[in-house]
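Have a look at the structure below, then the notes.
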Amino acid sequence: MSSLNATEQSLCVNGVWRAASDGSTRKIRSPHDGSLVKTVAEATVEDSLAAISAARVSFDSGVFASWSWAQRCQLVARVADLLERDADEIAHEESADTGKRLIEAQYDVADVISVFRYYARLGLEVSDRQVDVGDDRIQSRITHEPVGVCALIGPWNYPLLQASWKVAPALVAGCSFILKPSELTPSTAIHLIKIIHEAGAPYGVANLILGAGAVAGAPLTQDPRVDFVSFTGGLVTGKRIMAATSETVKKIALELGGKNPHIIFADADLDAAIDNAVTAVFLHSGQVCSAGTRLLVERSIHDRVVSEIVRRAKAIHMGGPADPAAETGPLISKAHLEKVGRYVDSALAEGAKLLTGGKRSTDTAHASGWYFEPTVLDGCTTKMTCVQEESFGPVLTVEIFDTEAEAVSLGNDTIYGLAGAVWSADREKADRVARALRHGTIWVNDFGPYRPQAEWGGFKASGIGRELGPSGLHEYLEIKHIWTNTSPAPSGWFRQQGENT
Ligand code: TXE
């Protein structure tokens, strides 16, 4: 492997680090102040096709798929060790690309390591299943085999974490893959692919393509040599990918975000509920697929809850990666900042009442960055665009409910179904509501935690398939039934030649 001494040589195809075939590069700029973070290669269609070829050849050769489960799990455990060794450097890279606080990036890297460790253990539990077909002459067995060549396409909000949910199970399963992180946040993907090679993965198993979705990403979803596409990103791109992959009938897994109801009943522990409501929507400036962007609050506590959230929102200190007092950071890009602003404008035009925020920060310390003020919109209804679509910014919409049934009905009145939360001291009521909400994760008297052992993914337009947990590994496996007759005999169905009728 050539050394990665120039960041322009940041595509990895068949274990070789190289520049884009036409020499194109992209400048990665800090969302905090616009400063240059690094320059990386911007892949062409040809580069993507070369990465697909490398992955296909490596998979078909069996160079990795033929390793035992134990060997592959050992490799994944080594990846976790090396991530731990480089954790500090990786957290700085993530923080620089995304603009998030260093401490958040450090939490992310710790989570990434636990994902690799979890799958390194889980892979050891996969075994064939014997099927009793009621005939002693027949051995019938269900085996699990790698799905093949995988395209792993990720977003910019949790770049390495989202990559880890795909890469760790892909490696354990014995797949070869092409990782395509968001063009805005490539640094930690580069680091991860270096580590996977250092851990001992054969060349061609882990390939890296950087660049724009329409150019570098699209071929990964269209090429017949790709067997499986796992995508995390926006709904519009998800639909495009679903259409592209249908041409070659690929297996797909999609995580497309959510409009997540955060339901507070009057009997809840309000101090805890309010504090979690603030974190749920303003953490990482709302750039979280499971952000609690829709507050559904029981009428009798509306004023108290909302006034306290507004007070807390006004006090949030925004700052860049190096600001130790920062509680949240900038949005990812100018285009995204403008999009969030448009959602607030549309809500106001549709009758929402702005209680705080609603615009780009005017703080001089934020002048060169993409900071949007924590925003609370009251008087919202499910008809409003801002309630139905992801602004993916620090924007909380408030709706009122009167009954349990209305809370459930409002919580389900969305095309999405990723996550939600219920706050109530009445455990039976909370459980009834949790079960009635059509979302992939429900927190009761809590908000946000997830674990590698538990599945993550959405109902309805939030996606297809699950990441994490055993299901997150099974996405990368094909199931095969092998029927062995130990005492072969003619089938006797058709007449043999010369046999009388
Ligand atoms: O994401 P895209 P964008 C939501 C959020 C945000 C919106 C748009 O609402 O405002 O998506 O964000 C690659 N073929 N989420 O435009 O386009 C692209 O290069 C193949 C929710 O940044 O979905 C990147 O690597 N790949 C989300 C990845 O898709 C293509 C997290 C995601 O980009 C492609 C982030 C194509 N035709 C945003 N077009 C979540 N679910 O957590 C783009 N890409």
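The chain is numbered in sequence order, starting from 1. When a ligand or atom number is given, it counts from 1 through the structure's own listing order.
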Looking at Trp370, Tyr343, Trp156, which one forms a ring-ring contact (aromatic ring centres under 6.0 Å, His included) with His336? Trp156
Apply the side-chain contact (heavy atoms from CB on, under 4.5 Å) test between Glu399 and each candidate in Val297, Thr381, Val387, Ile263; give the one that qualifies. Val387
Any pair counted as ring-ring contact (aromatic ring centres under 6.0 Å, His included), so long as it reaches residues 214-251, sequence neighbours left out: Phe228-Tyr476
Ligand 1 polar-atom proximity to protein (N/O, under 3.5 Å):
{"unit_1": "ligand 1", "atom_1": "9 (O)", "unit_2": "Glu390", "atom_2": "OE1", "d": "2.7"}
{"unit_1": "ligand 1", "atom_1": "10 (O)", "unit_2": "Lys339", "atom_2": "NZ", "d": "2.7"}
{"unit_1": "ligand 1", "atom_1": "11 (O)", "unit_2": "Gly234", "atom_2": "N", "d": "3.3"}
{"unit_1": "ligand 1", "atom_1": "17 (O)", "unit_2": "Thr237", "atom_2": "OG1", "d": "2.7"}
{"unit_1": "ligand 1", "atom_1": "19 (O)", "unit_2": "Lys180", "atom_2": "NZ", "d": "2.8"}
{"unit_1": "ligand 1", "atom_1": "19 (O)", "unit_2": "Glu183", "atom_2": "OE1", "d": "2.6"}
{"unit_1": "ligand 1", "atom_1": "19 (O)", "unit_2": "Gly213", "atom_2": "N", "d": "3.3"}
{"unit_1": "ligand 1", "atom_1": "22 (O)", "unit_2": "Trp156", "atom_2": "NE1", "d": "2.6"}
{"unit_1": "ligand 1", "atom_1": "23 (O)", "unit_2": "Gly234", "atom_2": "N", "d": "2.7"}
{"unit_1": "ligand 1", "atom_1": "23 (O)", "unit_2": "Thr237", "atom_2": "OG1", "d": "3.3"}
{"unit_1": "ligand 1", "atom_1": "25 (O)", "unit_2": "Gly154", "atom_2": "O", "d": "2.7"}
{"unit_1": "ligand 1", "atom_1": "25 (O)", "unit_2": "Lys180", "atom_2": "NZ", "d": "3.1"}
{"unit_1": "ligand 1", "atom_1": "41 (N)", "unit_2": "Gly233", "atom_2": "O", "d": "3.1"}
{"unit_1": "ligand 1", "atom_1": "41 (N)", "unit_2": "Glu255", "atom_2": "O", "d": "3.3"}
{"unit_1": "ligand 1", "atom_1": "41 (N)", "unit_2": "Glu255", "atom_2": "OE1", "d": "3.0"}
{"unit_1": "ligand 1", "atom_1": "41 (N)", "unit_2": "Gly257", "atom_2": "N", "d": "3.2"}

Check whether more than 12 heavy atoms from other residues, nucleotides or ligands sit under 6.0 Å from atom CD of Glu338, and answer yes or no. yes
What residue among Leu410, Thr414, Thr397 forms side-chain contact (heavy atoms from CB on, under 4.5 Å) with Thr382? Leu410
Aromatic ring pairing Trp17/His197, orientation class (parallel under 30°, perpendicular over 60°, tilted between): perpendicular
